[in-house]
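Just so you know, residue 1 is the first one in the sequence shown, and it goes up from there.
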Amino acid sequence: MLTAGEVAGLIVAMFWAILVCFLAYVLIKLARLLTATTKVVNELGDKVVPLLNEVSYTVSETNRQLVAVEAIASNVKEVSDDVAKITGLASTVVTGPIIKVSSFAHGLRHALSRRGRRRAVERRP
C-alpha cells in the first residue's frame, strides 16, 4: 500500500510527465514553424534581390526616357512659338494687301453704281 505522500508524489510525477510531453509537442511545432518561416524568408530573399534589380533598372530607364521626353517637349514648345510667329507674320503680310484690294474693289463698285444711277437719272425725260 502506498502512503499519502507516495500517492501525492505519483500524481505530481504524472502531471510533470504530461506537462513535459505537452511542452515537447509545443516545441516541435514551434521548431517546424521556425523552419518553414526560415525557408520562406530565404525564398523571398532569393526573389526580392532580382526584383529590386529590375525595379532599379526600370526606374533608371524611366528617368532616361523622361529626359528624352523633356527635350522633345522643349522642342515642341519652340516649334509652337515659331509657328505662332510665322502665322502672325503671314496674317500681316497677306491680310494687309487683301484688305487694300477689297477696299479698292468696294470703292470701285460703289463709284460705278453711283455713276450708273446718275446716268439713269440723266436719261429720264
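Rounded to the nearest 0.5 Å, atoms CG (Leu27) and CG (Leu34) are 10.0 Å apart. A distance of 11.0 Å separates CD1 in Ile28 from CG in Leu23, rounded to the nearest 0.5 Å. One finds the OG atom of Ser103 at 13.0 Å from the NE2 atom of His110 (value rounded to the nearest 0.5 Å).
The pair Lys85-Asp81 does not count as a salt bridge, with every side-chain nitrogen at least 4.0 angstrom from each carboxylate oxygen.
Under the 4.5 angstrom side-chain criterion for Ile, Leu, Val, Met, Phe, Trp and Tyr, the cluster partners of Leu52 are Leu44, Val48. If you chain together ILVMFWY residues whose side-chain heavy atoms come under 4.5 Å of each other, Leu112 ends up grouped with Phe104, Leu108.
Side-chain contact between Val26 and Phe22: present, with at least one pair of heavy atoms (C-beta onward) separated by less than 4.5 Å.
The backbone N or O of Glu70 sits nowhere less than 3.5 Å from a side-chain atom of Ser74 that would complete a donor-acceptor pair. For the pair Glu6 (side chain) and Thr3 (backbone), a donor-acceptor distance under 3.5 Å is present. Judged purely by atom type and a 3.5 angstrom limit, Ser91 has no side-chain atom pairing as donor or acceptor with the backbone of Thr87.
The hydrophobic cluster containing Ile86 does not contain Val79, counting ILVMFWY residues as joined when their side-chain heavy atoms lie under 4.5 angstrom apart, directly or transitively. Follow the hydrophobic side-chain contacts under 4.5 Å out from Tyr25 and you never reach Leu33; the two are in separate clusters.
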